Amino acid sequence: MSSTLQGIRVLLIDDEAEFVNTLAERLELRGLVPQVAETGHDGLAMLEDSEFQVVLLDMMLPGMRGTDVLRKIRTSHQTLPVILLTGNANAKDGIAGMKEGASAYLTKPVDLNELLRVVQEMVQGEPRD
Amino acid sequence: MTDKHFMAKNLASSTHELQNILAIIKESSCLVEDVLQINGKPRMKHGDKLYHSLEVIGEQVDRAKVLLRALNSFAHAVSDGAQTCDLVETGKQTAQLVERFVRLKEHALQVVVENGSAHIACPPEEVIEALHSLIIQAITACTPKAPVLLRLGAQQNGQALAIIEVAGAAWNPEEMEQLAAKAGGSVVLAPGVCTVQFPCAASL
Amino acid sequence: MKSETQHYEKLRRNIVGILAVVALAPVLLLAAVNYAEFQASFTAETQAPFVSMVGKGKNSFELFLAERSSTVSLIASAYSFEELSTPQTLRHIFQAMQSEFTGFTDVAVISDEGILVAYAGPGQHLQKELMGKDYSQQEWFHKVQAQNRYVSEVIEGYRQYPHVLIAVQRHSPDGRSWVVRAAIDTTPFSRLVADMSLEPGSDAFLVNRSGVLQTDSVNYGKTLGQFPLAVPPPSYEASITKALDEQGNAILMAYSYLRNADYVLIATKPARNMLQSWLLLRTDILLIFLGGALCIYYVAAKSVDKLISRLRESDLKRDQAFSQMEHAQKLSSIGRMAAGVAHEINNPLAIINEKAGLMHDLLSLAEDFPRKEQFLRQIEAIHSAVARCRDITHRMLGFARRMEVKIESLDINEMLEETLLFFKKEAQHRNVRIVEELEPALPKIRGDRGQLQQVILNVLNNALAAVGENGQVSISTMQKDTNTIAMCIKDNGCGMSEETKQHIFEPFYTTKGNEGTGLGMSIIYGIIQRHHGEIAVESELGKGTLLTICLPISNTLQEEQA
């Protein structure tokens with residue numbers, strides 16, 4: 001499992017610095033290549049600059065909200081897998097996100113193994129239409 | 001039992017349960033710290049990182065506790081059917097509850113306590129509801145990133161005041177009056193300043 | 001609130017009005033007919049005696065005058081002119097007349113030339129004065145010559161008291177003619193009037209055709225005075241008419257013309273008198289009518305009041321339901337706030353989780369050291385505590401969400417498709433076949449999107465959890481009847497035991513390993529119940545489960561007590 005995850009470039013967009021940095025560190029320990037953005041703007045800018053295979057996007061962001069960021073991503077990267085992250089177990093939010101073109105959604109706190117499973121699926125699986 | 005009470009009881013027990021579990025986390029992290037201590041940090045690989053992690057865990061437990069305490073006392077007040085409350089205490093709780101919305105709008109909320117306490121004749125949940133809605137109102141249309149100030153506890157003419165200050169706030173007088181009236185208060189609006197007056201409770 | 005009260009008051013008035021009109025109209029009609037008939041018969045009954053009294057009076061007067069004129073006539077024909085011209089004989093005759101009939105005051109014989117030739121009466125001086133008087137130019141003399149018989153109006157003349165003259169012309173076979181004229185005192189007239197036995201307030205009298213009173217009247221003056229009112233048109237039958245007296249009071253006037261003299265017998269009485277008795281009678285009718293009307297009104301008003309208060313109650317209930325909805329909306333904002341906090345707590349929890357995870361990672365990579373096991377155990381404890389917190393916050397969020405109710409038009413097929421998006425990947429991964437048999441013409445239903453989404457999410461999740469590799473989950477929708485749609489979720493998974501099936505909808509009942517999103521079947525059951533729907537489960541251990549959810553299409557959904 002870990003072999004397939006080696007070198008996967010992941011963009012983490014979340015305003016909780018401690019959370020997102022620790023998560024990045026843990027992903028790094030598992031051989032992934034994560035980068036962190038603390039706002040939607042930064043995240044979008046980083047997407048322009050470098051290639052990512054997967055985006056992990058928090059829905060609750062200050063200023064530009066998660067769904068707005070997702071919409072922006074979809075205008076330039078139609079097939080890039082985006083995993084939504086939310087503190088809300090509300091199916092409504094999840095479904096709204098899926099409608100906007102998210103590939104999956106996970107609730108906080110995240111079970112790392114589940115996150116890795118989803119990332120692996122995203123990267124291995126065919127891109128969504 | 002009404003929906004409101006049922007819900008309040010549920011909230012109270014949930015928050016209580018969460019506080020207990022947070023205490024467990026705290027205990028566990030302290031124990032880990034003790035083990036680290038015994039082993040001697042300098043000799044441990046990643047010793048600093050481990051210490052830092054424990055520190056952060058402690059901080060986050062406290063952060064969660066503050067929120068839970070506010071929600072818990074609010075839930076208790078509602079389930080007890082309290083008809084009076086301390087505006088300062090309730091205002092602080094409101095600030096904690098609304099902080100997230102304010103932050104998402106890229107504003108910062110600061111609470112200024114002008115008087116230690118101000119006992120008012122309004123049910124706490126209504127006051128929280130009103131202040132909460134008024135603050136959300138205030139940041140809906142105002143100068144971007146302007147700081148939000150909540151002054152609590154000043155008294156005049158038998159009224160306790162909660163003053164919301166946001167630069168460039170475009171007040172909607174009717175709506176604000178309605179929101180305040182629901183809690184038994186009234187509003188006085190000035191550019192960038194919304195003063196909410198609540199009747200003081202008869203002294204005990 | 002005031003306008004609402006006015007609204008009910010108006011409604012009440014309208015209904016009472018309509019009821020009263022409908023119910024009272026026949027009664028009113030009946031009363032009117034009754035009234036008219038009563039009035040007619042009453043009038044007939046009260047007027048008839050009055051009229052017949054006048055008739056009788058008239059007869060008495062006619063008889064009186066007929067008797068007198070017959071007497072004069074008899075004298076005229078029984079005696080020769082010579083005999084009558086003899087003062088002694090005439091005085092003798094006069095005495096006989098006086099003794100037989102009251103009222104004769106004198107008698108005179110007048111030649112055909114109109115010269116008074118003989119006179120018998122009370123005073124000798126009058127006799128002297130009248131002897132030889134010439135009547136040939138007088139009107140009455142011409143009348144008696146033309147008609148043979150004449151009754152004069154009441155006059156005072158020489159005699160200084162009211163009297164009537166009766167004159168009869170006699171033709172002898174030898175061609176001569178003469179006139180016998182008698183005067184009658186009118187005193188007997190008042191006796192005749194008195195005999196009519198008048199009620200108090202009534203009046204009876206004689207007038208001539210030009211309205212000169214021939215007898216004294218109580219109300220209209222003495223004999224020979226002018227009767228102030230118009231003399232009614234000629235009728236020899238007793239008749240009745242209404243008139244106004246000088247003061248403008250309504251009076252009833254019964255009258256009859258006399259056949260043998262130019263007199264009219266008139267009796268009057270105030271119409272009010274009759275009216276009073278009529279009113280007395282009418283009061284009875286009125287009372288009965290009013291009583292009936294009151295009864296009808298009372299019953300109508302009472303039942304309408306009841307109706308209105310029922311209406312008001314139901315309106316109130318509806319309003320309360322609305323305000324409860326509003327309350328629920330308000331609660332939902334408190335709920336949202338709680339949800340916000342719960343959500344916010346997830347952030348520190350996530351951080352703690354990551355930190356603990358990181359520590360675990362670091363220590364796993366590190367070589368063994370003293371108390372490593374203890375170390376890892378504590379970190380594991382933090383992990384599981386975070387997991388417990390997450391469950392609670394998710395429960396809080398779910399709970400807060402359940403307080404929110406927003407009723408809208410929902411397409412169940414669309415919702416199923418949407419929710420299936422979540423599971424397609426997992427199904428693919430586990431090689432589970434998902435079969436959709438959705439009725440394309442499924443009508444939309446009214447309900448809360450969030451709640452029903454939770455239901456769909458959970459039942460699909462349960463179905464997928466139940467089937468193993470290569471399992472199958474079938475989802476179908478259909479319209480069951482005019483107001484019900486059904487959604488069936490069938491799996492060929494592990495199924496459930498009889499015991500599980502019995503308790504599945506009970507709160508806090510969970511089977512191990514069935515994690516879900518924190519919403520138990522009891523909550524699903526609650527949501528379906530709130531939507532006035534039904535949920536049924538058929539299951540056999542090892543064979544699979546069929547869950548059928550029926551929901552009404554048109555839903556008078558209200559926020560009910562939780």
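All values below come from the heavy atoms of this structure, side chains included, with hydrogens, waters and symmetry mates left out. Just so we're clear, the structure is a prediction, and the values are computed from it rather than from any experiment. Every chain is numbered from 1 and lettered A, B, ... according to where its sequence line falls, protein lines coming before strand lines.
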So, the side chain of Asp80(B) versus the backbone of Ala82(B): is there a donor-acceptor pair under 3.5 Å, distance only?
no
Using non-hydrogen atoms only, which part of Val61(B) is less than 4.5 Å away from chain C: side chain, backbone, both, or neither?
both
Okay, side chain of Asn483(C), backbone of Ile553(C): is any donor-acceptor separation there less than 3.5 Å?
yes
Looking at Leu18(B), Asp34(B), Leu22(B), Leu54(B), which one has more heavy-atom pairs under 4.5 Å with chain C than the rest?
Leu18(B)
Under 4.5 Å from a heavy atom of chain C, the part of Ser133(B) involved:
neither
Looking only at heavy atoms and a cut-off of under 4.5 Å, which of Thr15(B), Ile24(B), Asp62(B), Leu31(B) has the most pairs with chain C?
Leu31(B)
Residue Ile25(B) versus chain C: region with a heavy atom under 4.5 Å
both
Is chain C contacted by the side chain of Val56(B), its backbone, both, or neither, given a heavy-atom distance below 4.5 Å?
side chain
With no hydrogens and no angle check, do the side chains of Arg63(B) and Gln60(B) hold a donor and an acceptor under 3.5 Å apart?
yes
Does any N or O in the side chain of Thr90(B) come within less than 3.5 Å of the main-chain N or O of Leu87(B), such that one atom is a donor and the other an acceptor?
no
Only pairs of heavy atoms separated by less than 4.5 Å count here; which of Ser14(B), Ala70(B), Gly58(B), Ser29(B) has the most with chain C?
Ser14(B)
With the threshold set at 4.0 Å, does a side-chain nitrogen-carboxylate oxygen contact exist between Glu99(B) and Arg103(B)?
yes
Contact class of Leu358(C) relative to chain B, heavy atoms under 4.5 angstrom:
side chain
Quick check against the 3.5 Å criterion: does Thr143(B) have a side-chain atom that pairs as donor or acceptor with the backbone of Ala167(B)?
yes
